[in-house]
There are 2 protein chains.
Amino acid sequence: MIMLAKDETTSTRERILDIAQRLIQSRGYNAFSFHHLAHEIGIKTASIHYHFPTKADLGVALLRRYRQRFGQELDGISANNGNSVRSLVRFAALFQRTLSVDSQLCMCGMLSAEIESLPKPVAIEVKRFFSETELWLTNVLTHGRREERLAFEGSPRTQARMLIAMMEGAMVVARGMRHNAYFQGMARNYLLQLKAA
Amino acid sequence: MIMLAKDETTSTRERILDIAQRLIQSRGYNAFSFHHLAHEIGIKTASIHYHFPTKADLGVALLRRYRQRFGQELDGISANNGNSVRSLVRFAALFQRTLSVDSQLCMCGMLSAEIESLPKPVAIEVKRFFSETELWLTNVLTHGRREERLAFEGSPRTQARMLIAMMEGAMVVARGMRHNAYFQGMARNYLLQLKAA
DNA sequence: GTCTATAAGATGATAGAC
DNA sequence: GTCTATCATCTTATAGAC
């Protein structure tokens, strides 16, 4: 059996998705082309079309994978402990980690900005990401308040949306100001405000 | 003297800026073209180039106007009263109003997402917008805390950034979830948290 | 200031050979 | 699965006439 270098074990399809994801999170859906993908992989654009007939197909496949992976991260956070404060810290760390790689945005934050110019099937996937994340956070916040680890105004659902908004917004602002470190300051302070006294 | 309809009193240059602004705030910098502008005004793309030689020139001019107008709005809020709570409510209303028009984003929120694919001179203007807004908010928050109208964790500067982040993020999330009304819930609740007990 | 004409390059996509 | 070849279309931009 022939041993393959790690790169070669990854299917072309996966490599396309990987590169497309990186390009979308750093430059946006409208700023990357099949040519960019093909060039980086070392194949031709026609080959990209073999794996994903249209750009919209690629976008949908990418978002399905992204939502699935993000969901797994959230499951991992939920499984390890029942401490809601710790869960929120780990939640924020997911975004922090993304921004730390070439100032990348959350893919759905980026696509939400571009949503009016996206193919409808892609837009639907973006919406699902926010709904799923809202649901997970709502549970964490509900339990945290019940256990008196967390204290906040308004409903857990509204707070969940606000926490997502703070993450997405903090990434956008830190990026726009060209100081990624600003993100931590905002995230940390926001979580501090949610902690019960 | 010939009376002109209101549209005709606006110079072509201003009309280009108006349409470009609307297109950027709804679709993004990379999703609009000189052809879109020309078509809507009823002229040819070559005429757009007469007013703005390159797309980057148009972007810079647009952002200068945007920053100037936004600064005037902030001045207006500062001038009318010394009540910091009321100032923050009016600040949030600026973003609320923008989102209510065709789900438009703050221009600099949009451009910050696209920043890695923007001409450098445009990116610089985006950065200035955030710095100026941060400064104004820092003053409001500092005075508000001193007067004990506001109470919050951390420095006024960090809170200023968080408030901008919440506005930008709330727009992005409301847009992505396709429920603009979510914005109000988030904004109102966030300001509530800043109010002194 | 606006037009026609034109250019060079990018882009998304398809047909058919290997 | 990947290639060559080709396509129509879009995009930014320039030259020069009116």
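A, B, ... follow the sequence lines: proteins, then strands. Residue 1 opens every chain.
- Across the protein-nucleic acid pair, I41(A) atom CD1 and dC3(D) atom P stand 10 Å apart, rounded to whole Å.
- Listed by chain and number, the residues in a side chain to side chain donor-acceptor pair (under 3.5 Å) with D18(B) are R65(B) (sequence neighbours excluded).
- Atoms CG (D57(B)) and C1' (dT12(D)) sit 12 Å apart, rounded to a whole Å.
- Between H36(A) atom NE2 and dA10(C) atom C1' the separation is 9 Å, expressed in whole Å.
- At a cut-off of 3.5 Å, with distance as the only test, a side-chain donor of T54(B) or D57(B) sits close to an acceptor on the other residue.
- Applying the salt bridge (Lys or Arg N to Asp or Glu O under 4.0 Å) test to pairs two or more places apart or on separate chains, those with a residue in residues 28-46 of chain B are R22(B)-E40(B).
- As rounded to whole Å, 12 Å separates atom C1' of dC3(D) from atom NE2 of H51(A).
- Considering only the side chain of S47(A), dT2(D) comes nearest among dT4(D), dC3(C), dT2(D).
- Rounding to whole angstrom units, NE2 of residue H39(B) and C1' of dT11(D) are separated by 16 Å.
- Listed by chain and residue number, nothing satisfies the side chain to side chain donor-acceptor pair (under 3.5 Å) test with Y29(A) (two or more places apart in sequence, or in another chain).
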### Message
Does the protein touch nucleotides 13-18 of chain C at the base, only the backbone, or not at all? Give it as B, S and - per nucleotide, heavy atoms under 4.0 Å.
### Response
BBB---
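- Atom CD in E14(A) sits roughly 16 Å away from atom C1' in dG1(D) (whole-Å rounding).
- Neither side chain, Q21(A) nor Q104(A), offers a donor N or O lying under 3.5 Å from an acceptor on the other.
- Applying the salt bridge (Lys or Arg N to Asp or Glu O under 4.0 Å) test to every pair with at least one member in residues 185-197 of chain B, sequence neighbours left out, gives no pairs at all.
- Between L37(A) atom CG and dT11(C) atom P the separation is 11 Å, expressed in whole Å.
- Close to dG1(C), at under 4.0 Å from its OP1 or OP2, lies a side-chain N or O of Y50(B).
- With rounding to whole Å, I43(B) atom CD1 is found 6 Å from dC3(C) atom P.
- Pairs engaging residues 105-121 of chain B under the salt bridge (Lys or Arg N to Asp or Glu O under 4.0 Å) rule: R178(A)-E116(B) [sequence neighbours left out].
- The side chain of T12(A) places an N or O atom within less than 4.0 Å of a non-bridging phosphate oxygen (OP1 or OP2) of dT2(D).
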